[in-house]
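Structure record follows, encoded as structure tokens.
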Amino acid sequence: MAMTGLKGEETLSSFAITVNGKVRDAGTALMPEIFEAYPYLNSIYPTPEKKVLLRVMEVYTGTVSIYDLRETPIYQNTLPFGDES
């Protein structure tokens with residue numbers, strides 16, 4: 001699994017983080033805590049029937065890569081976590 005988050009409007013004024021790793025289903029035990037931290041989720045998933053479709057996923061091992069194109073020279077670093085570290 002890989003996912004990338006990007007902040008910035010243009011390539012050379014952007015900052016990106018990529019998480020690449022293995023994912024597992026973490027169950028539903030954290031769901032009440034997540035809904036408390038992000039109450040807007042209740043408007044997206046307003047009923048128990050809608051909430052039952054959700055799963056908490058855990059990225060438990062892999063790497064986080066950081067790319068800051070706002071700097072010269074460009075900053076790039078990769079950090080392992082979990083079994084990768």
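Start at 1 with the first residue, then count along the sequence. Reckoned from all heavy atoms, side chains included, excluding hydrogens, waters and symmetry mates.
Nearest heavy-atom pair across Asp25 and Gly27 is OD1-N, 2.7 Å. What you find for Arg70 and Ser13 is that their closest heavy atoms are CG-C, 3.5 Å. Contact between Phe35 and Asn42 at its shortest, heavy atoms only, is CD2-OD1, 3.4 Å. Closest approach of Tyr67 and Gln76 over heavy atoms only: CE2-NE2, 3.2 Å. Taking every heavy atom of both residues into account, Gly21 and Val59 meet most closely at CA-CG1, 4.3 Å. Met1 and Met3 get closest at one heavy-atom pair: SD-N, 4.1 Å.
Linking Ile, Leu, Val, Met, Phe, Trp and Tyr whenever their side-chain heavy atoms come within less than 4.5 Å puts Tyr75 and Phe15 in one cluster. Under the 4.5 Å side-chain contact rule for hydrophobic residues, Val64 and Val23 share a cluster. By the criterion of side-chain heavy atoms lying less than 4.5 angstrom apart, applied directly or through intervening Ile, Leu, Val, Met, Phe, Trp or Tyr residues, Tyr40 is grouped together with Ile34 in one hydrophobic cluster. Residues Met57 and Ile17 share a hydrophobic cluster, clusters being chains of Ile/Leu/Val/Met/Phe/Trp/Tyr side chains in contact below 4.5 Å.
Thr28 contributes no side-chain N or O that, together with a main-chain N or O of Met31, makes up a donor-acceptor pair within less than 3.5 Å. When atom types are taken as modelled, the side chain of Thr61 and the backbone of Asp83 share a donor-acceptor pair closer than 3.5 angstrom.
Taking Lys22 as the reference, nothing meets the side-chain hydrogen bond (donor to acceptor under 3.5 Å, both in side chains) condition, with sequence neighbours excluded.
Atom CG of residue Leu69 and atom CG of residue Leu12 lie 6.5 Å apart, to the nearest 0.5 angstrom. Atom OG of Ser65 sits about 8.0 Å away from atom CG of Leu79, to the nearest 0.5 Å. With rounding to the nearest 0.5 Å, the separation of CG in Leu41 from CG in Leu54 is 7.5 Å. Note that CG of Asn77 and CD1 of Ile66 are 5.5 Å apart. Values are rounded to the nearest 0.5 Å. Here the OG atom belonging to Ser14 is positioned 11.0 Å from the NZ atom belonging to Lys7, to the nearest 0.5 angstrom. The distance from the OG1 atom of Thr47 to the CG atom of Leu53 is 8.5 Å, given to the nearest 0.5 Å.
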Could you walk me through whether Ile44 and Tyr38 satisfy the side chain to side chain contact (heavy atoms under 4.5 Å, CB included) test, starting with their C-alpha distance in whole Å, then the side-chain angles of each, then the deciding distance to 0.1 Å, before giving a yes or no? CA-CA 11 Å; Ile44 300 170; Tyr38 304 98; over 6 Å; no

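Counting heavy-atom neighbours within 6.0 Å of Glu71 CD, excluding the residue itself, gives a total above 12. Around atom OH of Tyr45, no more than 12 heavy atoms belonging to other residues, nucleotides or ligands sit under 6.0 Å away.
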